Amino acid sequence: MSLFDDFANEKHFEGRTRFLLSLARTLPRLADKTGAQEVHGCEAKTWLKVDMIDGQLALSGDSEARIVKGLMALLFSLYQGKSLDEARHIDARTEFEKAGLAQFLSPSRNNGLYAMLAEIHSELG
Amino acid sequence: MFEHSAFRALFPCLNQAEVYLDNGASTQTATPVLDAMDQYYRHYRANVHRGSHPWAAQATAAVEKSRDDIQAFINAPCREAVIFTSGTTAAINLVAWGLIDHISPGERIVVSAMEHHANLVPWQLLAKRTGAVLDVLALTPEGTLDMAAFDKLLAKAPKLVACCHVSNTLGTINPVQEICAKARAAGALTVIDGAQAVAHLKVDIQAIGCDFYAFSGHKMFGPTGVGVLSGKLDALSRLSPFIGGGEMIEKVSFNKVTFNALPHRLEAGTGPISEIIGLGAAAQLLAKLDASAYEASLSAHLLAGLAALPVKVLGQGPRISLVSISVPTVHHSDLAHYLAGRGIAVRAGHHCTQPLHALLGISGSLRIALAPYNTLHEIDALLVALADGIALFEEMA
């Protein structure tokens, strides 16, 4: 079971929000924001950091908004610990669609999920 | 006498579960507006002012009738002083570009600290292009314009003063009549951004005494993509044409052009014909509307409900039915997302007034902007959802 399945299993908006808020708590605060990239396209200030440790992706980030931070944690679950080659083959958009994320997010214009994804992809090269 | 249910019934979009409280960004469109636009497209679609055939004559008559309706709606001095644009932003830019030959290096332009970017950025650009200096009229700690500071800025003999009639973030109604009188006495031209005012106040631009007044259709139950620049005829006549071509010319040779008279001189190209016709219908609707007492009751109910919640209301002073709040414990985008999930549409962010938010020491806020079609029941739904949302985010902190 992936986190995306868990999200999809929450059928109601309130439950999905709670799920994202609990995910947001799993991401440590980014103390050093200087080395991180500010993600544009988010309504709330959001920072993303992509490192490679022993050939594996190590993602960290933070956001003023906790829904965005929860989405970030969800997104990271796809990429964390993957090699560059593995990461390049991940089809995140399909995962979002399967989980019904687009529908959940449609009310909010600039949640920045796709901006975060674009940021990761630009780092992957 | 305002009949709420009859008014609400004019808006087909409202026959849904959604609670729409984002009227500061855009109001819903009224059926008479939709019908007027539909009639044009279905029955007499033609270009205006040029054709000699019946549809062209009918379309031209409808567009010019709309000009008359707008003139009456804002008490413009004459129909020639009603210029159709694509909206408030285009109208203000038309003024800023039109004055480019009239502003010299070192001359001063005053803008208020509560301006929407549309009434700030064009002046920044004009200042940059001409070497003029931009002065910002500060706010008092209560969030109203600092009129004592205004006197000091006027002592520097500015060329122009730009100010909103109503703040799109604070909802504050500014003393535009006093501002224009003082500016005029100091020899400055005045530009009033009326985008948030026209759907809520009876606007009389001659009583205001401004040189230029701008507003948009989509914030007054009309269509998108259309707006108006109006003002004093001599001030409008002074503007150099910004866009060339079409009806704005009188005579053209390969060497020379002479321009048409107002209003056409500032209306280059084919305008949004159906939207202009729709805007006339919206002006007719608003001219008959007397909802100020009803709106005041909605505002009072909202403010009383907000007072019982852990939220901060931004701004003070006389206001339209628009209130922005910040919640210390919850980010505005989180709260807006939660409200959207509960079917309640509000605006979150900086509402295109980043400098004002910076001044208030916050990155953004949540804006609740009402219209006369909203109900006390909808406000109650918002208040309950706000309380639930704040509780949820605090519980999950």
Side-chain angles (χ1 to χ4, degrees), chain A residues 3 6-8 10-30 33 38-47 61-75 96 99-116, chain B residues 13 16-22 24-26 169 324-354 357-358 360-368 381-382 384-397:
Chain A
L3 289 177
D6 295 338
F7 177 85
E10 295 283 352
K11 292 298 173 208
H12 296 292
F13 168 80
E14 196 102 5
R16 291 182 165 197
T17 301
R18 276 179 184 276
F19 179 75
L20 287 178
L21 291 181
S22 58
L23 270 187
R25 293 201 284 214
T26 66
L27 277 190
R29 271 191 186 287
L30 201 58
K33 294 192 173 73
E38 189 171 340
V39 183
H40 296 282
C42 295
E43 211 166 67
K45 277 201 166 210
T46 300
W47 301 268
D62 208 343
S63 176
E64 287 178 346
R66 283 185 283 149
I67 299 265
V68 177
K69 203 166 172 182
L71 290 167
M72 191 181 249
L74 195 58
L75 184 61
F96 298 164
L101 257 175
Q103 203 185 352
F104 174 78
L105 293 173
S106 59
S108 162
R109 182 176 52 142
N110 288 327
N111 56 72
L113 180 63
Y114 289 98
M116 289 191 277
Chain B
C13 250
Q16 299 170 63
E18 188 90 357
V19 173
Y20 187 78
L21 306 176
D22 192 17
S26 195
T169 294
S324 289
I325 58 170
S326 73
V327 183
T329 51
V330 189
H331 194 272
H332 50 270
S333 92
D334 278 333
L335 211 43
H337 179 87
Y338 181 83
L339 292 176
R342 296 271 294 247
I344 297 168
V346 297
R347 184 62 171 264
H350 51 66
H351 324 311
C352 295
T353 58
Q354 282 184 7
H357 278 84
L360 299 169
I362 49 178
S363 63
S365 57
L366 202 73
R367 184 178 70 187
I368 304 141
L382 164 81
V384 169
L386 260 179
D388 290 350
I390 293 169
L392 172 65
F393 281 95
E394 286 183 350
E395 176 204 328
M396 298 293 288

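Heavy-atom basis, side chains included; hydrogens, waters and symmetry copies ignored. As the structure is a computational prediction, the values presented were derived from the model and not from experiment. Each chain gets a letter, A, B and so on, in the order the sequences are listed, and its residues count up from 1.
- A search for salt bridge (charged side-chain N to carboxylate O under 4.0 Å, His left out) contacts involving A:Arg18 returns B:Glu395, not counting sequence neighbours.
- Under the salt bridge (charged side-chain N to carboxylate O under 4.0 Å, His left out) criterion, A:Asp6 pairs with no residue at all, not counting sequence neighbours.
- When atom types are taken as modelled, the side chain of B:Asp334 and the backbone of A:Ala65 share no donor-acceptor pair closer than 3.5 angstrom.
- Looking at heavy atoms from C-beta onward, B:Leu392 lies in side-chain contact with A:Glu14 at the 4.5 angstrom threshold.
- Within the structure, the side-chain hydrogen bond (donor to acceptor under 3.5 Å, both in side chains) test picks out the following pairs touching residues 62-75 of chain A (sequence neighbours left out): A:Thr46-A:Ser63, A:Asp62-A:Lys69, A:Glu64-B:His331.
- For B:Ala345, no part sits under 4.5 Å from any heavy atom of chain A, backbone or side chain.
- Heavy-atom neighbours of chain B within the stretch residues 20-27 of chain A, taken at a separation under 4.5 angstrom, comprise A:Leu21, A:Ser22, A:Arg25.
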